[in-house]
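Just so we're on the same page: letters track the sequence lines, and every chain starts at 1.
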Amino acid sequence: MLNLKAIERKGGYNFAFLDENTKREIRRKTLKAVAIPGYQVPFASPELPIARGWGTGGLQVTMSIIGPDDTLKVIDQGCDGGVNAVNIRKLLVKTTGVGTTFDTAAASIIQTRHRIPEEPMSGRQILVLQVPIPEPLRFVEASMAKTREMHSEMDYSRMWVFLYENIVKWGEITIGARYPSLVNKRYLIDPSPIPRWDVPKLHMAETLYLFGAGREKRIYAVPPHTSVEPLEFEDIRFRVEDFSGKACVRCGSDHTYMNEIYGGPGGGKLYVCSDSSRCDKLRAQRGEAKTHAGK
Amino acid sequence: MPASNAFVLRVTNLAKRYGQGCPSCYALTGPAFATNICPCCGSIVACHDIGFDLEEGEILGIVGESGSGKSTLVRCLYFDEEVTGGEAFLAAYGKGGVNLFAESSQRKRFIRNHLMGMVYQNPLLGIKPHFTAGGNVAEKLLTADVYNYADIRARAASLLTRTEIPRARMDDFPARFSGGMQQRVQIAKALANNPPLLFLDEITTGLDLSVQARVLDLVKEIQRELGIAMLVVSHDLGVIRMLADRTAVLKNGRMVEIGLTDQILEDPQHQYTQLLVHSML
Ligand SMILES: Nc1ncnc2c1ncn2[C@@H]1O[C@H](COP(=O)(O)OP(=O)(O)O)[C@@H](O)[C@H]1O
Ligand SMILES: [Mg+2]
Ligand SMILES: [Zn+2]
């Protein structure tokens, strides 16, 4: 188990590492992103001394919005203990001194890669997603100038044809993560590589979702109470991953996004929650229930 | 407005100039000067003072030599180009009382996606070679807000069959098709949204003669079956004679004559039309 108390704020850096001008720039662009849901807002910032691909986009957003009273949770693929999560948490705590938590409900800011927590979040929380490729139209068009024009004209027909041809070829839409979704009936977004399972959580949510792309320096947002509709045909609907008949071997939950692991008796497949902290929570509750029953 | 013949498309005073223009542009160009280039400012007056009604179920031919402004005219009507002046009305839009050119670009896109079809001389201007043949038809349907996969699939199959693309080639890429086949995919796509109005710009130019005849037959049949009003542009009077009920003759950006195709061919009034007709005999 990680010891969260062991990380302490170090001097010598500005609060949250970034200089105040950069933070102001990113906050301004974040406000714009919130004002135009789903629209990719370019931002300017000096290069971070951190390799791209380590979530620099999300990191810069978090660094710009975090305050000393925040409680931070960082997850990577649903797991608080992933290498990426541990390093980002370390950097943020060292440069801010904020408290951190594994408990989704206790966090005020959650930075994440590839997952949205299973526990419902409130309007007092902000989820910051790390985005490798912000442009949903990259599937169908390489030129940035062209995709910008397509967004401005709301011309998503080529994405639709891509889905049509996907079905022609495979009998179904094969996009797993990064499922193109229409925000506020206007802008198409790449919701980052979250599984389809997580896409409905963006729709009419209580929580503000901020998306930061470091390489391409883009911020976009899904504000609370905003519609987010995965593209679907009238007769071939969007579907989330199917875990029916499966349950987590650790906590027993059967309505959660699960990872497949091998190693069951006889080398069979086992399933385990991807959201590790919720899994721990449920396990603990189950344990308590057992103890109570035993008294 | 004359109430006798219902128009599908009405065009009045359409003008398109390339270049910044000067007060003499229109006075010093046209057939009388045998040029569309303004001697004062060098601007090109590609179209000026063009007006006509396209009636229900009619094929109107637009004929004229290369550079006379035919393509510019249809490109303006399909909103590929912005006009310099003039008006256009569609019976199917705003009860025929709204000048299309004054609409927002978003409305223009709606009109084009829902109410018009276009077939360009170069098939690759109208279809995308890296979409399948069916995908190209699907694209037009999707822009016209048809989001039912089974419907799209069925409509694409029936249109491609109608334009003589074998069902087995429906999911192939037009990049591998012959020019005639690509042109027929383009026609299928243009028809997808069931438009009341179709523009065809030199659709057989560049095709082999035998292939030309097949494409023209197809257009004629489709027109008879669906009763779509068509604006058929060609520099070739043979094509016009085969397809068009009425014909307008363009010369140096001006419309010099319009009338029944038979009359224009048998008894051309304008001196230029006489030349044009005699040159083909
Ligand atoms: N984009 C353009 N810029 C400048 N001149 C153009 C452009 N497009 C067409 N023109 C000119 O406009 C005139 C009409 O061209 P076009 O409509 O293509 O004729 P047609 O189709 O009858 O051969 C020609 O003189 C042509 O050179
Ligand atoms: Mg032309
Ligand atoms: Zn679990």
Side-chain angles (χ1 to χ4, degrees), chain A residues 36 38-39 135-143 145-175 179-189 196 199 203 227-239, chain B residues 79-80 82 103-114 116-118 126-157 159-160 165 167-176 185-186 188-190 192-193:
Chain A
I36 315 171
Y39 176 75
E135 181 51 76
L137 298 172
R138 191 62 43 82
F139 279 111
V140 295
E141 174 59 62
S143 148
K146 286 235 181 74
T147 56
R148 250 197 305 278
E149 192 182 308
M150 286 154 81
H151 282 296
S152 74
E153 300 206 334
M154 205 182 155
D155 177 9
Y156 298 135
S157 54
R158 290 173 64 179
M159 190 71 230
W160 280 105
V161 174
F162 178 83
L163 298 181
Y164 159 89
E165 296 197 330
N166 211 225
I167 301 172
V168 168
K169 198 162 175 194
W170 306 105
E172 60 174 345
I173 294 171
T174 56
I175 303 173
Y179 197 96
S181 304
L182 193 66
V183 176
N184 204 24
K185 305 202 180 288
R186 178 59 186 85
Y187 286 104
L188 197 67
I189 62 159
R196 283 176 299 179
V199 173
H203 178 65
S227 77
V228 175
E229 298 161 294
L231 297 189
E232 59 181 0
F233 289 94
E234 287 165 3
D235 51 340
I236 299 186
R237 314 301 295 206
F238 168 82
R239 282 186 300 122
Chain B
F79 312 121
D80 282 337
E82 195 130 346
E103 292 291 272
S104 69
S105 62
Q106 227 171 352
R107 298 305 296 164
K108 283 178 182 161
R109 265 168 43 82
F110 174 90
I111 294 164
R112 176 182 154 124
N113 292 340
H114 289 78
M116 293 175 175
M118 167 68 107
I127 61 175
K128 298 191 174 78
H130 55 278
F131 285 174
T132 58
N136 273 288
V137 179
E139 186 189 21
K140 184 84 184 178
L141 287 164
L142 288 160
T143 58
D145 300 326
V146 179
Y147 292 114
N148 185 294
Y149 176 80
D151 289 354
I152 291 170
R153 198 78 190 134
R155 177 113 182 102
L159 282 164
L160 289 169
I165 305 292
R167 180 66 178 72
R169 306 298 304 272
M170 177 172 173
D171 299 324
D172 287 351
F173 297 96
R176 292 188 220 140
V185 173
Q186 201 192 181
K189 176 182 178 179
N193 56 348

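The line from OG of S157(A) to CG of L141(B) is 11.5 Å long, rounded to the nearest 0.5 Å. In this structure, CD on E165(A) lies 8.0 Å from CG on N136(B), to the nearest 0.5 angstrom. Rounding to the nearest 0.5 Å places CZ of R153(B) at 10.0 Å from CD1 of I236(A). Rounded to the nearest 0.5 angstrom, L142(B) CG and F233(A) CZ are separated by 5.5 Å.
Other residues, nucleotides and ligands contribute at most 12 non-hydrogen atoms within 6.0 Å of the CZ atom of R239(A). Other residues, nucleotides and ligands contribute over 12 non-hydrogen atoms within 6.0 Å of the CD atom of E153(A).
Using a 4.5 Å heavy-atom cutoff, the side chains of Y164(A) and E139(B) are not in contact. Side chains of R109(B) and D155(A) form a contact here, defined as non-hydrogen atoms less than 4.5 Å apart. Residues V168(A) and Y149(B) are in side-chain contact: their nearest non-hydrogen atoms beyond the backbone lie under 4.5 Å apart.
With a 4.5 Å cut-off on non-hydrogen atoms, K140(B) does not touch chain A at all. Residue contact with chain A, scored on non-hydrogen atoms closer than 4.5 Å, involves the side chain of D171(B) exclusively.
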